[in-house]
Every structure is written in C-alpha cells, then in structure tokens.
Amino acid sequence: MTLETLSVTRSFGGTVHVVRHDSRATGTPMTLSVFVPPQAESGAPCPVVWYLSGLTCTHANVTEKGEYRRACAELGLIFVAPDTSPRGESVPDDPAYDFGQGAGFYLDATEAPYDANYRMERYIVDELPEVVASAFPIDLARQAITGHSMGGHGALTLALRHPGRYRSVSAFAPIVAPSQVPWGEKALGAYLGPDRATWRRHDAVALIEDGARVPEILVDQGEADSFLARELRPELLEAACHGAGIALTLRMQPGYDHSYYFISTFMEDHLRWHATRLTA
C-alpha cells in the first residue's frame, strides 16, 4: 500500500497523520486522518477506533473539532477518520447536500452511475483496515466503530452486517432507520434502486428486526437536535433493541444539538466505553 503523507502534527504526546491513497474500492484518491497515541511509538499494536462522519463532512471535521486526542493518548487508542464518500470531477454528484459527494451512506451502490465509485462499505470494512495496517501499528483483533448522524448509521449497520468484526459499536445522533426517513429514502433509492427489501440490509432497525445482533450499543442524542423527530428517530432503535434483547444505552442529552459542540462533549465517554471493551 502506498500512502502519501499530507501532514504530521504532534498532539498530547501522539501524532495526527493526514494521509491519502488511491482506493481500489472507490477508484478515487481517499484522504483520512490517523491519530497515533504515544503507546504506539514502540511499534506495539494498539486497538483502533474507526470514526465515520456525517453528511457534508470530510475527515477534517472530527480531526479538528472532535476533541478525542487527549483521551486516545491516555487510553492508547488509534483513532481513524476516513472521508464520507469518493470525490473528484469524474465522480457522480448532486447539487443537494444530502446526496452524492459527501453523502456516501457507507454502502456499496448498485445503481448506475453511482455503482462505479460509491463502494463505501467495501472501502471501510475491507480496504481501509488493510491500508492503515500497512503503515500504523493497529491491532485488527481489537476494533471498535462509532460515528455521527449518517456516520452513526454507518457504524450501526456495518457492525450489524459484519458480526464479530468490531468488539464495540456506538453512535452520536445516528440515522437509525434510513428506510423510514427522508434522508435515507432519497439515498437508498438512488444508490440501491426501488426495491425496499434491499434497503433493509442497510437500515439498523430493519437489520435488528430481521435477526442481526450485536451485544450492546451506546447512543448519545441531543434533545435540541433539529433533525431529531424527522430524520433520526432514536425511539425506533430503542424499540427494535428491546424486542431483540440488545443492551442499548440511549442517553438523551437536554439542550444539545447536532453539532460538534455536542459530539466533542461526549466523545471521551464513548472512547472510555470502547476502551473497556477493547482491552477486556
């Protein structure tokens, strides 16, 4: 694997690396950030937390605003933030913010013209760990996944679709049932076609209803989130987990919105929660 280093920045005794590589999954260059804690400087493998960002974001949003570095440095966690979609002049796009570039929804598209590049599930699950492991000392036996909004959807669905891959899964304000909300209906229809039975394989609530399982889930959700009632609908995840016997910790946070002020406030809680499960 050939990684081009764009920047290296010292932080809390560790280093933030921003790198780029040519992806075989998306057929485009992909940029990501990797925080390497001081414990990894000896070359000893460290647990890894994959963070999936939301609509319109790149790797840079959480890298600059997520306030994860102090906790990761203390806990010995490598933190990886990939982009949200393929990008480039030849990559199909849409003028709306909630579709196309910046809105890959962490699935492999089957509908033209998106199927040529929008293969984000394959990228996150298969290619990205291989790429990161080629340059950084990650322990692939100890992986966790989390994300925000569209990325929360990605974290939940990928964990449910690939049982045993991730030791733990959490989310910040996730889209839990995309086949039942406008953001998801638009994206799933365009990427996967009109058959709603196909959509169920990329919908956390539907996956749980259809038998997919993880041991437990942590979710934080702001009560002042403007997308709460229309797009996020955590009550649907709560009902599905209750019916399936999945231990869901759903924390409704009064006064918090959908922004990185919210995410950064509870990021350390999530990292400590993951660390406990990654080091057990």
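Worth knowing before you read on, the calculation uses all heavy atoms, side chains too, and leaves out hydrogens, waters and symmetry mates.
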Undergrad: Okay, side chain of Gln143, backbone of Leu140: is any donor-acceptor separation there less than 3.5 Å?
TA: yes
Undergrad: Got a second to check how far Glu130's CD is from Ile138's CD1, nearest 0.5 Å?
TA: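 Glu130 atom CD to Ile138 atom CD1 measures 10.5 Å (nearest 0.5 Å).
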Undergrad: With a 4.5 Å limit on heavy-atom distance, are the side chains of Leu156 and Ile217 in contact?
TA: yes
Undergrad: Would you say Met120 ends up clustered with Leu52 if hydrophobic residues are merged whenever their side chains have heavy atoms under 4.5 Å apart, either directly or through other cluster members?
TA: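 The answer is yes; both residues are in one hydrophobic cluster.
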Undergrad: Near Lys65 NZ, under 6.0 Å, is it more than 12 heavy atoms from other residues, nucleotides or ligands?
TA: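 No, NZ of Lys65 has 12 or fewer neighbouring heavy atoms, counting only those of other groups under 6.0 Å.
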Undergrad: Quick one: does Trp199's side chain have a donor or acceptor within less than 3.5 Å of a partner on Gly193's backbone?
TA: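 Yes; at least one donor-acceptor contact below 3.5 Å.
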Undergrad: Please tell me whether Met30 and Phe136 are part of a single hydrophobic cluster in this structure, the criterion being side-chain heavy atoms less than 4.5 Å apart.
TA: yes
Undergrad: Measure across Pro92 and Asn117 and return the closest heavy-atom pair with its distance rounded to 0.1 Å.
TA: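 Closest pair (atom of Pro92, atom of Asn117, distance): CD-OD1, 3.5 Å.
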Undergrad: When you measure from the side chain of Asp93 to the backbone of Gln101, do you find a donor-acceptor pair of N or O atoms at a distance under 3.5 Å?
TA: yes
Undergrad: What about the rings of Tyr123 and His21, do their centers lie closer together than 6.0 Å?
TA: yes
Undergrad: How about Arg10: does its CZ atom have over 12 heavy atoms from other parts shown lying under 6.0 Å from it?
TA: yes
Undergrad: Below 4.5 Å, heavy atoms only, C-beta onward: do Val62 and Met267 meet side chain to side chain?
TA: yes
Undergrad: Can you confirm whether Pro182 sits close enough to Arg230 that some side-chain heavy atom of one is under 4.5 Å from a side-chain heavy atom of the other?
TA: yes
Undergrad: Rounded to the nearest 0.5 Å, what separates atom CG in Leu236 from atom CD in Gln180?
TA: 5.0 Å
Undergrad: Does Asp139 use its side chain to pair, donor to acceptor, with the backbone of Pro47 at less than 3.5 Å?
TA: no
Undergrad: For the aromatic rings, using the six-membered ring if either is Trp, is the centroid distance between Phe99 and Tyr191 under 6.0 Å?
TA: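 Yes - the distance between ring centres of Phe99 and Tyr191 falls below the 6.0 Å cut-off.
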Undergrad: Between the side chain of Arg196 and the main-chain N/O of Ser179, is any donor-acceptor distance below 3.5 Å?
TA: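 Judged by distance alone, yes, a pair lies under 3.5 Å.
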Undergrad: Verify whether one side chain among Ser33 and His59 offers a donor that lies under 3.5 Å from an acceptor in the other.
TA: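 His59 and Ser33 do not have a side-chain donor-acceptor pair below 3.5 Å.
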Undergrad: Can you check whether Leu32 reaches Val132 side chain to side chain, under 4.5 Å on heavy atoms?
TA: yes
Undergrad: Taking the side chain as every heavy atom from C-beta outward, state whether Leu228 and Pro234 have any pair of such atoms under 4.5 Å apart.
TA: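 Touching, per the 4.5 Å side-chain cut-off.
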Undergrad: Please tell me whether Val48 and Val36 are part of a single hydrophobic cluster in this structure, the criterion being side-chain heavy atoms less than 4.5 Å apart.
TA: yes
Undergrad: If only atom types and distance count, is the side chain of Arg69 paired as donor or acceptor with the main-chain N or O of Thr63 below 3.5 Å?
TA: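 Side chain of Arg69 to backbone of Thr63: a pair is present.
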Undergrad: Could you tell me whether the side chain of Leu77 reaches within less than 4.5 Å of the side chain of Tyr68, counting heavy atoms only?
TA: no
Undergrad: Passes side chain to side chain contact (heavy atoms under 4.5 Å, CB included), Asp269 versus Arg251? Steps please.
TA: CA-CA 11 Å; Asp269 287 356; Arg251 307 193 308 184; 3.0 Å; yes
Undergrad: Calculate, to the nearest 0.5 Å, the distance between atoms OG1 and CD belonging to Thr15 and Glu41 respectively.
TA: 6.5 Å
Undergrad: Could you check whether any side-chain heavy atom of Arg87 comes within less than 4.5 Å of a side-chain heavy atom of Thr58, counting everything from C-beta outward?
TA: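 They are in side-chain contact.
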Undergrad: Measuring centre to centre across the rings, with the benzene-like ring taken for any Trp, is His202 within less than 6.0 Å of His153?
TA: no
Undergrad: Counting distance only, does the side-chain N/O of Arg165 pair as donor-acceptor with the main-chain N or O of Val125 below 3.5 Å?
TA: yes
Undergrad: May I ask you to decide if Trp183's main-chain N or O and Glu231's side chain share a donor-acceptor pair within less than 3.5 Å?
TA: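 Flag set: sc Glu231 to bb Trp183 pair under 3.5 Å.
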Undergrad: Provide the closest heavy-atom pair for Leu128 versus Val80 in the form atom of the first, atom of the second, distance.
TA: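 That would be CD2-CG1, 4.4 Å.
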Undergrad: Does Arg70 have more than 12 heavy atoms from other residues, nucleotides or ligands lying within 6.0 Å of its CZ?
TA: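 No, not enclosed.
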Undergrad: Test your reading of the model: is there a side-chain donor-acceptor pair from Arg167 to the backbone of Leu278, 3.5 Å cut-off?
TA: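 It does hold such a pair.
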Undergrad: Less than 4.5 Å apart, any side-chain heavy atom of Arg272 and any of Glu74?
TA: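 Side-chain contact under 4.5 Å: yes.
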Undergrad: Side chain to side chain contact (heavy atoms under 4.5 Å, CB included) with Phe227: which of Leu232, Asp257, Val181?
TA: Leu232
Undergrad: Which of these, Arg122, Arg201, Arg119, sits in a salt bridge (charged side-chain N to carboxylate O under 4.0 Å, His left out) with Asp108?
TA: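 The option that passes is Arg122.
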Undergrad: Any side-chain to backbone donor/acceptor pair from Glu127 onto Arg24? Under 3.5 Å, distance only.
TA: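 Answer holds: yes.
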Undergrad: Could you state the interatomic distance from CG (Leu6) to NE2 (His17), rounded to the nearest 0.5 Å?
TA: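 Those atoms lie 12.0 Å apart.
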Undergrad: Supply the atom-to-atom distance Leu188 CG to Asp195 CG, rounded to the nearest 0.5 angstrom.
TA: 11.5 Å
Undergrad: Distance from Leu237 atom CG to Leu250 atom CG, nearest 0.5 Å?
TA: 7.5 Å
Undergrad: Please state whether the rings of Tyr118 and Tyr114 are parallel, tilted or perpendicular, taking 30° and 60° as the class boundaries.
TA: perpendicular
Undergrad: For Asp203 versus Pro178, what's the shortest heavy-atom pair and its separation?
TA: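 Distance-wise, the nearest heavy atoms are OD2-N, 3.4 Å.
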Undergrad: Restricting to non-hydrogen atoms, name the atom on Ser168 and the atom on Arg277 that form the minimum distance, rounded to 0.1 Å.
TA: CB-CD, 3.9 Å
Undergrad: Please work out which of the three classes, parallel, tilted or perpendicular, describes the rings of His148 and His258, given edges at 30° and 60°.
TA: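 Rings of His258 and His148: tilted, 30 to 60°.
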Undergrad: Phe79 and ring-ring contact (aromatic ring centres under 6.0 Å, His included): which single residue from Tyr51, Trp50, Phe12 fits?
TA: Tyr51
Undergrad: Between Tyr256 and Phe266, is the gap from one ring center to the other below 6.0 Å?
TA: yes
